[in-house]
Asks: 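The following block contains the structure, expressed as structure tokens.
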Amino acid sequence: MAEASGTARDPEAVSRFVEHFAAQLVEAGLARMPARVFAALLASDAGVLTSAELVEQLKISPAAVSGAVRYLSQVHMVSREREPGSRRERYRVHGDQWYEALTNREAIIKRWEDALREGVTSLGAHTPAGRRLEETLAFFEFVEKEVETMMDRWRAHREKRFGGG
């Protein structure tokens with residue numbers, strides 16, 4: 001397998017990395033097919049593969065690719081784009097995929113906070129359940145602030161280490 005950069009690559013080494021990293025993602029809670037597709041995209045020099053390339057590399061069905069990409073797109077870990085001059089789609093992983101995924105989680109945390117506030121009001125702040133919800137809310141508020149601060153530090157660190165973009 002030769003990547004777009006022209007660098008020869010050992011397909012077995014690439015496959016081992018993809019399966020190993022995918023296993024780590026599965027252990028962290030990502031479903032198996034999205035984990036494998038994401039790892040394959042991440043291991044691609046161009047960060048872009050078509051469905052046919054993913055089918056061939058991962059030995060999976062086009063339907064499995066489609067489902068995995070649908071999920072990965074929803075959580076902002078990959079994007080879909082048209083191949084120039086073609087109707088074929090290709091899938092891209094971006095350098096800021098972790099930032100995007102975490103930012104997306106931030107929006108979810110805000111919705112959880114709203115639901116928890118409503119729960120505290122509904123159950124009563126002085127009931128055992130209300131106190132438990134209030135502590136959970138305080139945890140998510142803390143996490144939200146820490147993630148915001150951490151992402152600011154990450155942007156500065158990334159700029160210093162890798163330059164713009």
Asks: Grab the two heavy atoms, one from Leu123 and one from Ala129, that are nearest each other, plus how far apart they are.
Replies: CD1-CB, 4.0 Å
Asks: Please output the side-chain donor-acceptor pairs of residues 111-119 that fall under 3.5 Å, not counting sequence neighbours, one pair per line with the distance.
Replies:
unit_1, atom_1, unit_2, atom_2, d
Glu113, OE2, Glu141, N, 3.4
Asp114, OD1, Arg117, NH1, 3.2
Arg117, NH2, Glu141, OE2, 3.0

Asks: What residues form a side chain to side chain contact (heavy atoms under 4.5 Å, CB included) with Ala63, not counting sequence neighbours?
Replies: Ser61
Asks: Do you know which of Val120, Thr121, Thr127 makes side-chain contact (heavy atoms from CB on, under 4.5 Å) with Leu133?
Replies: Val120
Asks: Please check if the number of heavy atoms outside Glu81 that lie under 6.0 Å from its CD is greater than 12.
Replies: yes
Asks: As an exercise, state the distance from CD1 of Ile109 to CD of Glu144, rounded to the nearest 0.5 Å.
Replies: 7.0 Å
Asks: What side-chain hydrogen bond (donor to acceptor under 3.5 Å, both in side chains) pairs are there with at least one residue in residues 130-140, not counting sequence neighbours?
Replies: none
Asks: For the OG atom of Ser66 and the CG atom of Leu54, what is their distance to the nearest 0.5 Å?
Replies: 11.5 Å
Asks: Can you name the closest pair of heavy atoms from Leu49 and Glu53 and give their distance?
Replies: CA-OE1, 3.2 Å
Asks: Is Val78 reachable from Val26 through a run of hydrophobic residues whose side-chain heavy atoms are each under 4.5 Å from the next?
Replies: no
Asks: Hey, can you pull the donor-acceptor pairs under 3.5 Å for the side chains in residues 149-156, sequence neighbours left out?
Replies:
unit_1, atom_1, unit_2, atom_2, d
Thr149, OG1, Lys145, O, 3.1
Asp152, OD1, Arg155, NH2, 2.2
Arg155, NH1, Tyr99, OH, 3.1

Asks: Is Arg161 atom CZ crowded by more than 12 heavy atoms from other residues, nucleotides or ligands, each under 6.0 Å away?
Replies: no
Asks: Please report the interatomic distance CZ(Phe140) to NZ(Lys110), rounded to the nearest 0.5 Å.
Replies: 13.5 Å
Asks: Show me the donor-acceptor pairs within less than 3.5 Å that the side chains of residues 27-42 make with the rest of the protein, sequence neighbours left out.
Replies:
unit_1, atom_1, unit_2, atom_2, d
Arg36, NE, Glu19, OE1, 3.1
Arg36, NE, Glu19, OE2, 2.9
Arg36, NH2, Glu19, OE2, 2.8
Arg36, NH2, Leu58, O, 2.9

Asks: How many angstroms lie between atom NE2 of His157 and atom CD of Glu159, to the nearest 0.5 angstrom?
Replies: 11.5 Å
Asks: Measure the shortest side-chain to side-chain distance between Glu89 and Val69 over non-hydrogen atoms and say whether it is less than 4.5 angstrom.
Replies: no
Asks: Would you compute the distance between atom OG of Ser79 and atom CZ of Arg90 and round it to the nearest 0.5 angstrom?
Replies: 9.5 Å
Asks: Which pairs count as ring pair (Phe, Tyr, Trp, His ring centres under 6.0 Å) when at least one residue sits in residues 57-90, sequence neighbours excluded?
Replies: none
Asks: Roughly how far, to the nearest 0.5 Å, is CZ of Arg9 from OG of Ser44?
Replies: 7.0 Å
